[in-house]
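Note sheet for the following structure.
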2 protein chains.
Amino acid sequence: MHRVPSAISYTINKLEEDLGVELFERSRHKAELTAIGHLVLEQGRKILTAAEELTTQARQAADGWEVQLRICIESILSCDAIYDLIEEFQKIQPKTEIRLSEK
Amino acid sequence: MHRVPSAISYTINKLEEDLGVELFERSRHKAELTAIGHLVLEQGRKILTAAEELTTQARQAADGWEVQLRICIESILSCDAIYDLIEEFQKIQPKTEIRLSEK
DNA sequence: AACGTTTACGTCACGCGTAACTATT
DNA sequence: AATAGTTACGCGTGACGTAAACGTT
């Protein structure tokens with residue numbers, strides 16, 4: 001997955017052209033991200049992460065497991081049993097996200 | 001942007017293969033989305049929307065406008081002037097999202 | 001027969017790497 | 001001289017459309 005400089009240059013130029021937006025400040029020697037460049041980078045990373053999470057979620061679900069497990073308990077009292085259960089569950093299915101909320 | 005059936009078939013197959021997940025139930029004549037297929041479709045749409053929003057945000061920002069404008073006002077009293085201002089602002093820059101919060 | 005989908009195949013564009021070049025420190 | 005970036009160029013592959021085949025209703 002290592003990309004050679006010219007490939008990066010090409011990709012950046014194309015992206016800038018497609019967007020019609022300057023992503024890098026090239027007045028100096030070392031090119032630096034513009035303000036918009038930072039915006040695109042940050043948000044772009046979030047989008048990529050979301051995409052990656054989606055693929056892992058899809059694959060997990062294909063294995064027959066739910067993606068999330070939302071547990072809502074009424075009382076704060078005697079949660080110990082539940083914590084134990086969660087612990088046990090995580091051992092056999094560590095990939096499933098558990099969201100625990102009280103009240 | 002219209003894609004021919006075979007192109008769609010190709011794309012779907014590749015996606016399923018890359019994910020290692022069945023997205024369509026093909027036992028019947030008309031192919032139908034599996035449960036995971038629905039998940040991928042819904043989440044995928046969200047991701048695409050986010051990507052599109054990012055490009056419009058980038059282009060807007062390039063035009064010299066902030067993407068969001070967050071206004072926080074102290075008192076609930078006499079907000080009318082602000083509402084008028086917002087109304088005026090929206091006329092000249094309808095693309096900028098305004099988030100108004102009180103207290 | 002009509003519809004929905006897949007398979008086979010040829011084509012073209014796009015993204016990449018190699019290599020050479022330019023400019024800044 | 002070394003570093004950072006771009007430009008020129010050729011190549012491979014991957015996504016597409018055309019066309020044909022297949023299976024279901």
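Here is the naming used below: chain letters follow the sequence lines, and residue numbers restart at 1 for every chain. Atoms considered below: every heavy atom in the structure, side chains included; atoms not considered: hydrogens, waters and symmetry mates.
Judged purely by atom type and a 3.5 angstrom limit, A/Thr11 uses its side chain to pair as donor or acceptor with the backbone of A/Ala7. With hydrogens and angles ignored, the 3.5 Å screen pairs no side-chain donor or acceptor of A/Ser9 with any backbone N or O of A/Pro5. The backbone N or O of B/Gly20 lies less than 3.5 Å from no partner atom in the side chain of A/Arg59, so there is not a single donor-acceptor pair.
A heavy-atom distance below 4.0 Å to DNA chain D is reached by none of the residues of residues 41-49 of chain B. Contacts between residues 20-34 of chain B and DNA chain D, defined by a heavy-atom separation under 4.0 Å, are made by B/His29.
Not counting sequence neighbours, B/Arg3 has no partner by the salt bridge (charged side-chain N to carboxylate O under 4.0 Å, His left out) test. Under the side-chain contact (heavy atoms from CB on, under 4.5 Å) criterion, B/Leu33 pairs with B/Phe24, B/His38, B/Leu41, not counting sequence neighbours. Residues passing the side-chain contact (heavy atoms from CB on, under 4.5 Å) test with B/Ser6 are B/Val4, sequence neighbours excluded. Partners of B/Glu25 by side chain to side chain donor-acceptor pair (under 3.5 Å), not counting sequence neighbours, listed by chain and number: B/Ser27. Residues passing the side chain to side chain donor-acceptor pair (under 3.5 Å) test with B/Lys14 are B/Asp18, sequence neighbours excluded.
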Start with the C-alpha distance between A/Leu23 and A/Val21, add both sets of side-chain angles, then the distance that settles side chain to side chain contact (heavy atoms under 4.5 Å, CB included), and finish with yes or no. CA-CA 6 Å; A/Leu23 266 18; A/Val21 168; 3.7 Å; yes

The test is side chain to side chain contact (heavy atoms under 4.5 Å, CB included); show your working for B/Ile8 and B/Ile12 and say whether it passes. CA-CA 6 Å; B/Ile8 298 172; B/Ile12 299 283; 4.0 Å; yes

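Distance, B/Arg3 CZ to C/dT5 C1': 16 Å, rounded to whole Å. Distance, A/Glu17 CD to C/dG15 P: 11 Å, rounded to whole Å.
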Which protein N or O atoms sit under 3.5 Å from an N or O of nucleotides 7-14 of chain C?
none

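For DNA chain D, runs of at least 3 consecutive pairs of the Watson-Crick or G-U wobble type, with both hydrogen-bonding distances under 3.5 angstrom, map to C:1-25 with D:1-25.
Reading DNA chain D from its 5' end, the first and the last nucleotide to sit under 4.0 Å from a heavy atom of chain B are D/dG14 to D/dT25.
Note that OG1 of A/Thr34 is 9.0 Å distant from CG of A/Leu39, once rounded to the nearest 0.5 Å. How far CG of B/Leu48 is from CD of B/Gln43: 11.5 Å, rounded to the nearest 0.5 Å. Atom-to-atom distance recorded for A/Glu53:CD and A/Thr55:OG1 is 9.0 Å, nearest 0.5 angstrom.
Sorted by first and then second residue, the salt bridge (charged side-chain N to carboxylate O under 4.0 Å, His left out) pairs with a member in residues 26-35 of chain A read A/Glu16-A/Arg26; sequence neighbours excluded.
Residue B/Ala61 comes nearest to A/Ile36 through the heavy atom pair C-CD1, 3.6 Å, listed as atom of the first residue, atom of the second, then distance.
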